[in-house]
Amino acid sequence: MSFGPSFSVRPAWRSALQRISTARTLMLGVALVLPLACSSSSPATSSNGSTVVPWVDRQGTPNSLASSVHAGRPCTAADLVIEVGRTGAFHGEATQELELRNHAADACYLAGVPQSQLADVSAQTGVDSGRFATQRVDLAAGQSALLIVGAPVGCPASANPILSAKLSMTLPNGDVMPVQGARINTECGAANVMEFNAITLPPASPGPLSNLRPAVNAPQSAARGTVLTFHVTIHNASATSIDYSPCPSYTEGISNNAGPILQRTLLLNCSAASSIGPGATLVYEMKLLLPSSMSPGATKLFWRLEVPDGQSAGAVISIA
Amino acid sequence: MRRIRRLRLRFTLGLLVAILAWPTTEVLFNPRPAFAFSSGYGIVVARGFDMCQDPDTGQTNAWWPGTPWWFIGLYVGGSSMGCSQPNLSAQYLNDVNAQGWHLGFFWVGPQAPCSGFASQFSSDPGTAYQQGRNEAAAAYNMLWQNLGIANFADHTPVTYDLEAFNGSQCNALAAAQSFVHGWIYQLHLPTPQLAGVYGSTCGSYLDSYRPDPFPDFIWGASWDGNPSTGAMPCVSSGNWIANQRIKQFVGGHNETWNGVTLNIDTDCANGPMAPPPNLTADTSCQ
């Protein structure tokens with residue numbers, strides 16, 4: 001494989017810069033690690049990664065998933081603001097991105113994608129809603145829907161774009177909303193809806209535990225019928241100390257292409273470490289019995305904190 | 001003697017302080033994010049997906065366990081990128097990678113002349129070549145400066161999204177060949193990246209970019225439902241055969257996994273993905 005092709009020379013300053021950068025990173029690393037290594041006094045809360053919080057087998061509680069919005073009323077024109085986004089290329093079509101934001105104080109829904117007409121061209125004025133005609137989208141207060149309108153390109157002798165900048169969008173409830181500033185080229189055929197869905201709204205108050213960032217350190221391979229021992233490094237990315245109160249649960253499991261193999265929810269070992277300092281890192285030992293009946297091959301290992309907006313971590317291990 | 005030793009110690013300490021305090025040019029002009037996504041690649045033989053707007057970390061979290069997906073094609077920039085990317089950041093790359101995912105990076109810049117897209121490169125091959133180089137430089141800057149990929153994104157794969165076009169008008173095919181060669185040339189300058197090209201296997205003329213320098217890998221779209229990367233219409237069976245193919249074999253459709261529905265394209269890889277290590281999870285992709 002020719003992944004090392006014949007290179008020309010990039011300016012010398014860049015190589016020199018890279019060397020300086022590498023040396024500087026190494027020296028900074030030494031300077032930062034030494035004080036950290038010397039400052040930890042409690043083994044359970046060591047932040048240098050050398051002390052591992054032992055695993056405990058205590059049943060935990062899965063975090064109830066945030067229920068998705070289910071609005072009780074349809075969106076009206078008064079609820080929505082439509083913004084024209086990027087023009088681009090996707091799936092072989094020229095695209096126009098539109099964002100429909102619910103600026104009302106409560107949730108509303110669109111029973112399907114708004115029916116659009118190109119308002120400033122004479123021919124082929126309709127926009128085909130396709131499979132999105134009846135795709136319901138619920139929008140919480142402040143939440144947006146992404147709508148991508150596309151039109152084919154590259155037809156023979158195409159060099160004279162038929163451009164439309166104005167759209168007339170009819171909401172499922174009958175309200176009509178004008179849109180200006182779009183770029184839709186119908187020279188090679190009618191426009192169509194390529195995408196219509198809600199953009200995830202960040203949780204309003206996810207809580208301090210959402211600042212914990214886990215990373216899995218697992219062996220590259222393991223044998224069926226044995227206990228897999230791996231480590232989860234949890235880093236407190238915030239500037240404040242985080243108490244494990246109540247003690248958080250986590251879910252660990254494995255799966256492969258055939259689907260889930262096993263999954264269990266346990267409590268963190270909070271008796272060994274009851275808090276994590278700002279910028280600190282804790283390493284937890286984890287154990288998982290690999291069923292002897294599972295198939296060999298690439299297997300996903302997953303681990304997630306069972307807290308609102310909790311982060312997750314994973315790895316791939318080869319099962320023999 | 002003692003004085004000399006003291007002077008030497010002072011000099012050493014002074015040098016150390018100077019080096020630590022000295023802001024390198026990159027810090028002065030280009031403050032980089034503090035998160036370091038590993039550079040390089042692994043050869044991945046597995047299924048993955050891509051979507052117009054990169055999924056958020058809650059969605060990628062839901063789509064990891066118990067699914068057949070092992071990598072995600074992410075759109076990272078370019079004038080023709082169809083969707084805005086509110087999730088994309090250095091932190092995002094690290095969080096998604098920490099979940100276990102391999103990643104592919106798409107750059108969607110100007111498209112072929114007379115193609116009807118809003119942003120197009122020149123029909124003049126010389127100008128198109130320079131434009132290809134400019135796009136590669138912009139993609140490189142995005143990868144290491146904005147997204148914080150370590151070691152100057154050394155050998156990180158990045159794929160130019162060149163949508164289908166009519167090669168018989170406006171000198172478009174010659175211009176596209178020249179543009180792609182500029183893209184490859186610039187990415188291969190030290191510190192090099194792996195240069196890929198995405199497009200319709202036939203409509204984007206993928207097989208026509210063979211004269212040196214040719215793409216390190218291709219990401220071909222052929223929505224025939226066949227996951228095999230060996231089956232790419234209009235691409236000669238002898239080209240890009242050494243773990244150098246990724247295939248988008250199903251176009252936009254909804255799928256629901258673990259309660260989360262996404263509108264995705266389905267891909268199969270037998271080629272490079274960021275970061276290391278290698279992964280073989282689905283031999284039907286070969």
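All figures in this text were calculated on a predicted structure; none of them were measured in a lab. Each chain gets a letter, A, B and so on, in the order its sequence line appears, and its residues count up from 1.
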Assert yes or no for the condition that the ring centre distance of B/F165 to B/F117 is strictly below 6.0 Å. no

With a 4.5 angstrom heavy-atom cut-off, could you sort out which part of A/P152 is near chain B: side chain, backbone, both or neither? neither

For the residue pair A/Q135 and A/V113, establish whether any side-chain heavy-atom pair is separated by less than 4.5 Å. no

Heavy-atom contact with chain A under 4.5 Å, split by part of B/T280: backbone

For B/S79, is it the side chain, the backbone, both or neither that has a heavy atom under 4.5 Å from a heavy atom of chain A? backbone

Is it the case that the ring center of B/W69 lies less than 6.0 angstrom away from the ring center of B/H102? no

Under 4.5 Å from any heavy atom of chain A - which part of B/D56: side chain

Can you list the steps and then say if A/F90 with A/M194 is a side chain to side chain contact (heavy atoms under 4.5 Å, CB included)? CA-CA 9 Å; A/F90 188 65; A/M194 302 177 73; 3.9 Å; yes

Given that the side chain runs from C-beta out, which part of A/N256 has a heavy atom under 4.5 Å from chain B: side chain, backbone, both or neither? backbone

Taking the side chain as every heavy atom from C-beta outward, state whether A/L147 and A/V193 have any pair of such atoms under 4.5 Å apart. yes

Could you check if a side-chain atom of A/M286 sits within less than 4.5 angstrom of a side-chain atom of A/Y250, using non-hydrogen atoms only? yes

Before we go on, tell me: are the rings of B/W101 and B/W64 under 6.0 Å apart, centre to centre? yes

If one checks every heavy atom of A/S318 against chain B at 4.5 Å, the contacting part turns out to be neither

Top contributor to chain B contacts, counting heavy-atom pairs under 4.5 Å, from A/N185, A/N257, A/T95: A/N257

Interface moiety of A/I261 toward chain B, non-hydrogen atoms closer than 4.5 Å: neither

Between chain A and each of B/G100, B/S80, B/A172, B/G259, count heavy-atom pairs under 4.5 Å; write down the option with the most. B/S80

Within the distance-only criterion (no hydrogens, no angle test), does the side chain of B/W63 pair as donor or acceptor with the backbone N or O of B/V260 below 3.5 angstrom? yes

Chain A: which of B/A118, B/A164, B/P68 shares the most heavy-atom pairs with it under 4.5 Å? B/A118

For B/S119, is it the side chain, the backbone, both or neither that has a heavy atom under 4.5 Å from a heavy atom of chain A? neither

Options A/R213, A/Q96, A/Q263, A/Q220, ranked by heavy-atom pairs under 4.5 Å with chain B, top entry: A/R213

Is A/E195 close to chain B through its backbone or its side chain, or both, or neither, when contacts mean heavy atoms under 4.5 Å? both

Picking from B/D95, B/T57, B/T60, which has the most non-hydrogen pairs under 4.5 angstrom with chain A? B/D95

Which bit of B/Q99 is near chain A, if near means a heavy-atom gap under 4.5 Å: side chain, backbone, both or neither? both

Is it the side chain or the backbone of B/A281 that comes within 4.5 Å of chain A heavy atoms, both, or neither? both

Non-hydrogen atoms of chain A under 4.5 Å away: do they reach the side chain of B/D265, the backbone, both or neither? side chain

Mind checking what makes ring pair (Phe, Tyr, Trp, His ring centres under 6.0 Å) contact with A/F196, not counting sequence neighbours? none

Under 4.5 Å from any heavy atom of chain A, what part of B/W240 do you find: side chain, backbone, both or neither? neither

Heavy-atom pairs under 4.5 Å with chain A: which of B/T67, B/T261, B/L262, B/L279 has the most? B/T67

Ranking A/A89, A/G88, A/P260 by heavy-atom pairs under 4.5 Å to chain B gives rank one to A/A89

Could you tell me whether the side chain of A/I234 reaches within less than 4.5 Å of the side chain of A/T281, counting heavy atoms only? no

Using a cut-off of under 4.5 Å on heavy-atom pairs, state which of B/Q111, B/M81, B/M51, B/R47 scores highest against chain A. B/M81

When the 4.5 angstrom heavy-atom criterion is applied to A/A313 and chain B, the contacting part is both

Residue pair B/N61 / A/Q311, side-chain donor-acceptor N/O under 3.5 Å: no

Salt bridge or not for A/R304 and A/E306, using N-O below 4.0 Å? yes

Any residue meeting ring pair (Phe, Tyr, Trp, His ring centres under 6.0 Å) with B/F106, in chain and number order, not counting sequence neighbours: B/Y75, B/Y198, B/W219

